[in-house]
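In what follows, every heavy atom counts, from backbone to side chain, and hydrogens, waters and symmetry copies are set aside.
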Amino acid sequence: MNRAFSRKKDKTWMHTPEALSKHYIPYNAKFLGSTEVEQPKGTEVVRDAVRKLKFARHIKKSEGQKTPKVELQISIYGVKILDPKTKEVQHNCQLHRISFCADDKTDKRIFTFICKDSESNKHLCYVFDSEKCAEEITLTIGQAFDLAYRKFLESGGKDVETRKQIAGLQKRIQELETENTELKNKVQDLENQLRITQVQASPAGSVTPKSPSTDIFDMVPFSPISPQSSTPTRNGTQPPPVPSRSTEIKRDLFGAEPFDPFSCGAGDFPPDIQSKLDEMQEGFKMGLTLEGTVFCLDPLDSRC
């Protein structure tokens, strides 16, 4: 995996693995904004993006607009950008999509990272002002990425396979729910036809037989007794025969094939799920570039 550290490689991480794996590390910062960049990495790419967003922020400040405050939640699953008051998630940057993270040693408040947008697939550069915590936040993102990648390797791809099985199960559940609704409607139609036939065939003054009780799904409980062996009505006529059950092998009482989660093949997974899993694997292979002292902007840009 490609990692480019401009700091010492034996740099001690800031937090315990449990804090990033089971919870998250919160930080407060000012959000200067995000802008599209042409490359996923590079010092010049980040410098131009920071300069552009700082200039835009100066204009907004002159118009009386304040730089919005946000809360960052960093974990092995990604970096969430939230409104500090409402806790509404504004941006959710998955960790495998973040390819570059850097801070400025000359201005300890500014840090940035590049993330690939999940919808447009464009590379966006996010820039923050963090009140002298820029280096710590950068290292925290680096530590989270390192832990996530180790977990990915230790799992041996099991996490990916588990997600595939879950996707297959969800797809099959939706199909079964649709089949169940259709079968329920068919059974209801047959019941209505049966009741109409019984009423028409009953002699005058006779009591209409009660309809069979139904279960919680409003369906007649299944009985193994063949419908043909039922007792004829009083006038000697038989009710219309109920369609016989399918004789196909591996069919349940609803006419659907029993689902076996262990027989799912790769072709059963939705293409969008498969593409996301492939993208996650590619993101971890690309790695995270961590750098510092990359901006060195003019003194004019030192305040936002």
Side-chain angles (χ1 to χ4, degrees), residues 1-32 34 40-43 46-47 49-50 53 67-84 87 89-116 124-155 159 280 283-297 302 304:
M1 184 176 63
N2 175 27
R3 287 199 192 92
F5 294 95
S6 60
R7 304 176 177 87
K8 294 181 180 180
K9 289 188 177 181
D10 58 351
K11 177 76 176 180
T12 304
W13 292 124
M14 305 292 297
H15 309 282
T16 62
E18 290 76 14
L20 288 165
S21 300
K22 299 181 180 180
H23 306 283
Y24 59 84
I25 306 299
Y27 289 100
N28 292 321
K30 293 181 179 180
F31 186 32
L32 274 65
S34 62
K41 301 182 180 183
T43 300
V46 171
R47 182 184 288 115
V50 173
L53 290 173
T67 304
K69 296 180 179 180
V70 296
E71 178 183 331
L72 301 177
Q73 294 182 355
I74 304 174
S75 68
I76 62 171
Y77 302 104
V79 179
K80 289 184 178 181
I81 305 173
L82 303 87
D83 183 291
K87 300 301 180 181
V89 179
Q90 301 175 353
H91 303 277
N92 187 7
C93 303
Q94 296 174 319
L95 211 58
H96 68 275
R97 292 179 175 271
I98 299 178
S99 56
F100 191 91
C101 187
D103 59 83
D104 183 7
K105 287 292 183 63
T106 62
D107 187 351
K108 294 182 179 296
R109 301 175 308 153
I110 301 298
F111 85 96
T112 179
F113 63 82
I114 297 177
C115 180
K116 188 177 181 181
L124 302 178
C125 183
Y126 295 80
V127 181
F128 303 86
D129 182 328
S130 60
E131 295 294 336
K132 298 183 179 181
C133 292
E135 182 180 10
E136 180 178 342
I137 296 176
T138 303
L139 286 173
T140 302
I141 294 177
Q143 181 183 6
F145 190 96
D146 185 71
L147 289 172
Y149 184 64
R150 289 184 182 181
K151 182 180 179 181
F152 180 79
L153 293 179
E154 291 173 357
S155 67
D159 289 346
M280 180 183 295
F284 279 119
K285 287 182 179 179
M286 178 183 291
L288 173 67
T289 300
L290 217 63
E291 291 188 359
T293 317
V294 297
F295 305 141
C296 300
L297 299 177
S302 61
C304 298

Are the side chains of Phe128 and Leu72 in contact, using a 4.5 Å heavy-atom criterion? yes

How close do Lys151 and Tyr77 get, heavy atom to heavy atom, and via which atoms? NZ-OH, 3.7 Å

Any heavy-atom pair between the side chains of Arg47 and Thr43 that's under 4.5 Å? yes

Interatomic spacing from CD1 in Ile76 to CZ in Arg150 - rounded to 0.5 Å: 12.5 Å

For the side chain to side chain donor-acceptor pair (under 3.5 Å) test, which of Arg109, Lys69, Lys30 pairs with Asp129? Arg109

Can Lys41 and Thr289 be said to form a side-chain hydrogen bond (donor to acceptor under 3.5 Å, both in side chains), step by step? CA-CA 7 Å; Lys41 301 182 180 183; Thr289 300; 3.2 Å; yes

Just verifying a value: how many Å separate Leu139 CG and Cys101 SG, rounded to the nearest 0.5 Å? 8.5 Å

Is it true that a side-chain atom of Ser130 and a backbone atom of Ala29 form a donor plus acceptor pair closer than 3.5 Å? no

Of all heavy-atom pairs linking Ile74 and Ala144, the shortest is CG2-CB, 4.1 Å

Determine whether Tyr126 and Cys115 make a side-chain contact, defined as any pair of heavy atoms from C-beta on separated by less than 4.5 Å. yes

Pair Tyr27, Gln73 - check side-chain hydrogen bond (donor to acceptor under 3.5 Å, both in side chains), show working. CA-CA 7 Å; Tyr27 289 100; Gln73 294 182 355; over 6 Å; no

Name of the residue among Leu53, Val46, Thr138, Leu32 meeting side-chain contact (heavy atoms from CB on, under 4.5 Å) with Thr112: Val46

What distance do Leu95 atom CG and Leu288 atom CG have between them, rounded to the nearest 0.5 Å? 7.5 Å

Is Glu71 salt-bridged to Lys87, going by a charged N under 4.0 Å from an acidic O? yes

How many angstroms lie between atom OG of Ser21 and atom NE2 of His15, to the nearest 0.5 angstrom? 12.5 Å

Side chain proximity check, Val70 to Asp83, heavy atoms < 4.5 angstrom: no

Should Ile110 and Asp103 count as side-chain neighbours, where that means a heavy-atom distance under 4.5 Å? no

So, taking the atom named CZ in Arg97 and the one named CD1 in Ile114, what distance separates them when rounded to the nearest 0.5 Å? 15.0 Å

Could you walk me through whether His23 and Ser75 pass side-chain hydrogen bond (donor to acceptor under 3.5 Å, both in side chains), step by step? CA-CA 7 Å; His23 306 283; Ser75 68; over 6 Å; no

Any Ile141 side-chain heavy atom under 4.5 Å of Val79 side chain: yes

Phe113 vs Cys93 side-chain heavy atoms within contact, under 4.5 Å: yes

Check the angle between the aromatic planes of Phe31 and His91 and answer parallel, tilted or perpendicular using the 30° and 60° thresholds. perpendicular

Roughly how far, to the nearest 0.5 Å, is NE2 of His96 from NZ of Lys116? 9.0 Å

